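Treat the numbers as computed from the prediction; the structure is a model and nothing was measured.
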Amino acid sequence: MDIAENAALVVVDVQKGFDEAGFWGRRNNPGADDNIASLIDVWQATGRPVVFVRHDSVEPGSPLRVGHEGNGFKAYVEERRGKGAGAELFLTKTVNSAFYGSPDLDAWLKAEGVGQVVLAGIQTNMCVETTARMGGNLGYDVVVAYDATYTFDLEGPFGWRRSADEVGQASAVSLHGGGFARVVTTAEVADAAK
């Protein structure tokens with residue numbers, strides 16, 4: 001695997017509110033937070049650009065709503081912000097795709113000359129997947145570090161209920177099999193980026 005010298009790491013919605021298990025339910029990928037932290041460390045140590053994305057929910061009861069403690073980044077992310085040698089962007093969004101945030105992610109990546117993005121964060125099948133699909137549609141080489149993402153059990157139509165593992169795997173299959181992104185492990189990404 002090749003990771004470009006200026007590949008951007010996009011850290012999606014790693015916010016305290018996702019630790020409210022009573023709201024979200026059971027999650028998968030228990031090592032995801034450690035993997036996200038390790039990717040940020042590699043990116044910052046190698047001077048690559050990092051994008052920190054925060055979801056500012058407009059839903060009144062959401063743990064991610066503005067003004068609620070859960071809106072803030074998890075401590076390990078907040079502690080790393082501003083510590084890298086490369087460019088850094090902080091953006092907020094109210095929808096699933098980081099490409100519909102403020103400031104404009106696509107414009108920033110183009111201004112930085114970035115053609116490859118690596119995604120990590122929460123939730124695999126929601127904001128990570130939507131950002132990956134849109135990035136692929138916009139022509140970026142998108143890589144998703146699967147074990148640096150996680151999601152939750154989910155109920156859909158017809159009473160169908162899927163576990164977090166099933167939901168995450170389905171998302172990975174759609175992204176990888178559909179050609180939107182290469183879905184790989186954190187170790188593969190980190191080894192290629194060092």
Side-chain angles (χ1 to χ4, degrees), residues 8-41 43 50-83 88-105 117-135 142 144-157 159-172 174-175 181 183 186:
L9 176 65
V10 181
V11 181
V12 180
D13 303 349
V14 183
Q15 294 165 252
K16 297 175 191 174
F18 283 116
D19 289 337
E20 295 185 25
F23 185 88
W24 302 101
R26 196 188 72 78
R27 65 171 270 195
N28 68 340
N29 288 355
D33 288 300
D34 289 340
N35 290 331
I36 295 165
S38 72
L39 286 175
I40 297 169
D41 290 344
W43 250 251
V50 180
V51 178
F52 293 101
V53 181
R54 188 184 74 206
H55 189 82
D56 289 347
S57 178
V58 295
E59 298 297 321
S62 171
L64 307 178
R65 68 190 181 276
V66 176
H68 183 67
E69 184 181 351
N71 179 256
F73 288 123
K74 292 188 182 195
Y76 73 89
V77 170
E78 192 59 48
E79 290 162 4
R80 285 168 168 81
R81 288 183 58 211
K83 302 282 172 44
E88 183 174 303
L89 178 69
F90 165 65
L91 72 85
T92 60
K93 62 182 181 57
T94 58
V95 295
N96 299 106
S97 177
F99 285 98
Y100 281 120
S102 179
D104 186 296
L105 178 57
V117 294
V118 175
L119 297 177
I122 314 166
Q123 298 179 58
T124 313
N125 60 309
M126 299 286 188
C127 297
V128 173
E129 181 176 344
T130 306
T131 301
R133 285 176 178 271
M134 195 162 174
V142 180
V144 176
Y146 179 73
D147 56 350
T149 74
Y150 68 86
T151 192
F152 303 91
D153 293 354
L154 191 62
E155 186 170 335
W160 293 347
R161 186 156 185 82
R162 297 294 179 259
S163 71
D165 284 332
E166 291 170 323
V167 171
Q169 290 167 6
S171 181
S174 292
L175 288 173
V183 179
T186 298

**Student:** Any heavy-atom pair between the side chains of Tyr150 and Asp33 that's under 4.5 Å?
**Tutor:** yes
**Student:** Check whether any side-chain heavy atom of Ser62 sits under 4.5 Å from a side-chain heavy atom of His55, and report yes or no.
**Tutor:** no
**Student:** Within this structure, what is the CZ-OG distance for the pair Phe152 and Ser163, rounded to the nearest 0.5 Å?
**Tutor:** 13.5 Å
**Student:** Measuring from atom OG of Ser97 to atom CD of Glu129, what distance do you get when rounded to the nearest 0.5 angstrom?
**Tutor:** 11.5 Å
**Student:** Between Asp56 (side chain) and Val66 (backbone), is there a donor-acceptor pair under 3.5 Å?
**Tutor:** no
**Student:** Quick one: CG on Asp147 to CG on Asn29, what's the gap to the nearest 0.5 Å?
**Tutor:** 6.5 Å
**Student:** Looking only at atom types and distance, does a side-chain atom of Asn125 sit under 3.5 Å from a main-chain N or O of Ser171, one as donor and one as acceptor?
**Tutor:** no
**Student:** For Thr151 and Thr124, test the side chains for any donor-to-acceptor distance below 3.5 angstrom and give the result as yes or no.
**Tutor:** no
**Student:** Does the side chain of Leu89 reach to within under 4.5 Å of the side chain of Pro103, using non-hydrogen atoms?
**Tutor:** yes
**Student:** Over all heavy atoms of both residues, which pair between Asp13 and Ile122 is shortest? Give the atoms and the distance, please.
**Tutor:** CB-O, 3.4 Å
**Student:** Where is the tightest heavy-atom contact between Leu91 and Val51, given as atom of each residue plus distance?
**Tutor:** CD2-CG1, 4.0 Å
**Student:** Do you know the tightest heavy-atom contact between Phe18 and Leu64?
**Tutor:** CZ-CD1, 3.4 Å
**Student:** Do side-chain atoms of Thr131 reach the backbone of Cys127 as a donor and acceptor pair under 3.5 angstrom?
**Tutor:** yes
**Student:** Is any side-chain heavy atom of Val118 less than 4.5 Å from a side-chain heavy atom of Trp43?
**Tutor:** yes
**Student:** Would you name the heavy atoms of Ile36 and Ala120 that are closest together and state the gap between them?
**Tutor:** CG1-CB, 4.2 Å
**Student:** To check you understand the geometry: which heavy-atom pair defines the closest contact between Lys16 and Phe73, and what is its length?
**Tutor:** CE-O, 3.3 Å
**Student:** Would you find a donor on one side and an acceptor on the other, under 3.5 Å apart, between the side chain of Arg162 and the backbone of Val167?
**Tutor:** no
**Student:** For a 4.5 angstrom cut-off between non-hydrogen side-chain atoms, does Thr149 reach Leu119?
**Tutor:** no
**Student:** Taking only residues two or more places apart in sequence or in another chain, which ones pass side chain to side chain donor-acceptor pair (under 3.5 Å) with Arg81?
**Tutor:** Glu78
**Student:** Can you tell me if Gln15 uses its side chain to pair, donor with acceptor, with the backbone of Asn71 under 3.5 Å?
**Tutor:** yes
**Student:** Can you tell if the side chain of Leu175 reaches within under 4.5 Å of the side chain of Arg133, non-hydrogen atoms only?
**Tutor:** yes
**Student:** Would one find more than 12 heavy atoms of other residues, nucleotides or ligands at under 6.0 Å from atom CD of Glu69?
**Tutor:** no
**Student:** Compare all side-chain heavy atoms of Tyr100 with those of Thr130 and state whether any distance is below 4.5 angstrom.
**Tutor:** no
**Student:** If I compare all heavy atoms of Val183 with all of Tyr146, which pair ends up nearest, and what's the gap?
**Tutor:** CG1-CB, 3.6 Å
**Student:** Is a donor on one side and an acceptor on the other found under 3.5 Å between the side chain of Trp24 and the backbone of Gly17?
**Tutor:** yes
**Student:** Working to the nearest 0.5 angstrom, can you tell me the gap between Arg161 CZ and Glu166 CD?
**Tutor:** 10.5 Å
**Student:** Taking the side chain as C-beta and beyond, is there a heavy-atom pair between Arg54 and Thr92 under 4.5 Å?
**Tutor:** yes
